[in-house]
Chemist: 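This is the structure, below, for whatever I ask next.
Just so it is clear, the model here is predicted, and its values are computed rather than measured. Proteins come first, then strands; the chains are lettered A, B, ... in the order of their sequence lines, and each starts at number 1.
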Number of protein chains: 2
Amino acid sequence: MRIGELAQVSGTPIETIRFYEREGLLPAAARTEGNYRIYTPQHADRLGFIRQCRSLDMTLDEVRVLLRFKDQPLADCGEVNSLLDEHIGHVAERIKALRALEKELRALRAACPVPHASADCGILQGIDHAGAKPAAASKRHVRGAH
Amino acid sequence: MRIGELAQVSGTPIETIRFYEREGLLPAAARTEGNYRIYTPQHADRLGFIRQCRSLDMTLDEVRVLLRFKDQPLADCGEVNSLLDEHIGHVAERIKALRALEKELRALRAACPVPHASADCGILQGIDHAGAKPAAASKRHVRGAH
DNA sequence: GGAAACCCTGAAGTGGGTATAGAGTCAAGC
DNA sequence: GCTTGACTCTATACCCACTTCAGGGTTTCC
C-alpha cells in the first residue's frame, strides 16, 4: 500500500510516517518506479506498535528500546519490564506534581472571587507576593509526565 | 545590578533572563559603557512575577496577558480570572488523562510479572494487540497539562 | 489531454529554554 | 603595566516529536 493508505488505516499523519522512517523507527519502504513508497503489512504492524507506545506517552527512545526487543525474540525481556516500571514512575510523579499545582492554582483563584480593577486583583497580587519558588515542576519524561 | 546578580537573587539562569528580554517579557535594560546590562529593582520584581507564573506552569503567552494587566492597573481583571480558570481546567484535564494512562500502564505491566524471552513477553504482546487508539492524550497547555 | 489527487524532498518552525563558541570588559594582584 | 580570572556580550545551534511549507513530480479520472 502507499503512504496515504497507511496513514489512513493507522490514523497517523503522512508526515509523521516519513519522520519515523527518517528516525529509523520504520525500515525504509520499497519504492515504485515513480519513487512512491510501498508499504507491507509488516510496516503497518510496526507502525501500529509505535503509535500504541506513543499513545502510552513513551518517548521515541523508549520505543526504540521496545522495538529492539521485538526484533530479538530470544532476548530476556527484563529490560522491558524495568523500562515500563520507570515510565510508570515518571507518570505517577507527574500526577503528584500536577495535583499540587492544581491546589495552588485553586487557592490563587479564590483570592479574586469577583472582577476588580487590576490594581486590586487578588490573583495578580497573589502571584507577586508568593515568595516561595519550588521551581517549575520537574519535567522529565512524558511530555508532562516527563 | 548586573545580570549575574539578578540571576542569583531570582534563581534564574542568565541565558533565560536574556531570553525573556528577547521575547519582550522583560523591558530592555540600560547599558554601561562596556555594554553590560544594568537592572533596576523593577526589573527584578517583574522577573519574579514571570518566574512565579512559570512555576505555576503557565505559558509565556499567558504570562504576557497577566503582565499586560499588571501594566494597566485600572483595567478590569475579569480576563485574569478567566485565564486562571482555563488554566486550572487544563491542569485538571491533564491529571485525568495521566491517571487513565497510569492505569493502562499498570495493567500492561501486570502482563509480565517475571522476565521471559521477548517473544513471550506479555508487555510486548499487550502493546501489539491493544487495538484501541484513543490517540495520545490531548496536549494543549501546561507542558503536560497543556 | 487536462485537472485533481496524490506523492516527493528538504528546510524551517513550534515552546521554552539550554549550551556552545568566540569575543569583549573589568577588578585585583604582582 | 600586565596578567589572570570572573564576568559579560552576541550569535548560533540544540532539545523533542512532530508540523508546515515551498516547490516540485506522478498518477488517476473524466
Chemist: Choose from D/dA17, C/dC8, C/dC26 the nucleotide whose nearest atom is closest to any side-chain atom of B/Thr32.
Modeler: C/dC26

Chemist: Relative to the 5' end of DNA chain D, which residue comes earlier, A/Asp61 or A/Asn35, by the nucleotide with the nearest heavy atom?
Modeler: A/Asp61

Chemist: Is A/Arg18 touching bases, backbone alone, or none of the nucleic acid, heavy atoms closer than 4.0 Å?
Modeler: base

Chemist: Nearest-Å distance, CZ (A/Phe19) to P (C/dG10)?
Modeler: 16 Å

Chemist: More than 12 non-hydrogen atoms from neighbouring residues, nucleotides or ligands closer than 6.0 Å to CD on A/Glu23, yes or no?
Modeler: yes

Chemist: B/Cys112 versus A/Val80: any side-chain heavy-atom pair under 4.5 Å?
Modeler: no

Chemist: Measure the distance from CD1 on A/Ile17 to P on D/dA17 and round it to the nearest whole Å.
Modeler: 18 Å

Chemist: Verify the contact: side-chain N or O of A/Tyr20 to OP1 or OP2 of D/dA17, cut-off strictly under 4.0 Å; return yes or no.
Modeler: no

Chemist: Side chains of B/Tyr20 and B/Arg51: any donor to acceptor distance under 3.5 Å?
Modeler: yes

Chemist: Tell me which nucleotide among C/dG17, C/dC8, C/dA19 gets nearest to the side chain of B/Glu15.
Modeler: C/dA19

Chemist: Regarding B/Arg64, tell me which of base, sugar-phosphate or nothing describes its non-hydrogen contacts under 4.0 Å with the strands shown.
Modeler: nothing

Chemist: At under 4.0 Å, does any side-chain N or O of B/Arg37 touch on OP1 or OP2 of D/dC9?
Modeler: yes

Chemist: Rounded to the nearest angstrom, tell me the gap between atom CG in B/Leu60 and atom P in C/dT14.
Modeler: 13 Å

Chemist: Whole angstrom is fine here: how far is it from CG in B/Leu25 over to P in C/dG17?
Modeler: 9 Å

Chemist: Tell me the interatomic distance from A/Gln8, atom CD, to C/dC6, atom C1', rounded to whole angstroms.
Modeler: 12 Å

Chemist: Report the distance from atom CZ of B/Arg31 to atom P of C/dG24, rounded to the nearest whole Å.
Modeler: 16 Å

Chemist: Using a strict 4.0 Å threshold on nitrogen-to-oxygen distance, state whether B/Arg68 and B/Asp71 make a salt bridge.
Modeler: no

Chemist: Less than 4.5 Å apart, any side-chain heavy atom of A/Lys70 and any of B/Asp128?
Modeler: yes

Chemist: Take B/Glu33 and A/Glu21, find for each the nucleotide of DNA chain C with the closest heavy atom, and name the residue whose nucleotide sits nearer the 5' end.
Modeler: A/Glu21

Chemist: As a test of reading the structure: which of C/dT18, D/dA17, D/dT10 is closest to the side chain of B/Arg22, going by heavy atoms?
Modeler: C/dT18

Chemist: Going by heavy atoms in the side chains, are A/Glu79 and A/Phe69 under 4.5 Å from each other?
Modeler: yes

Chemist: Specify the separation, in whole Å, of atom CE of A/Met1 and atom P of C/dC6.
Modeler: 16 Å

Chemist: What is the distance from CG of B/Leu26 to P of C/dG16, rounded to the nearest Å?
Modeler: 15 Å

Chemist: If you go through the side-chain atoms of B/Tyr36, does one of them form a donor-acceptor pair with the base of D/dC7 closer than 3.5 Å?
Modeler: yes

Chemist: Looking only at side-chain atoms of B/Arg2, point me to the closest of D/dC7, C/dC7, C/dG17.
Modeler: D/dC7

Chemist: For the side chain of B/Ile14, counting heavy atoms from C-beta on, which of D/dT8, C/dT9, D/dA17 is nearest?
Modeler: D/dT8

Chemist: Looking only at the side chain of A/Ile3 (C-beta and beyond, no hydrogens), which of the listed nucleotides C/dC8, C/dG17, D/dC18 gets closest?
Modeler: C/dC8

Chemist: Between A/Thr16 and D/dT19, is there a side-chain N or O to OP1/OP2 distance below 4.0 Å?
Modeler: yes

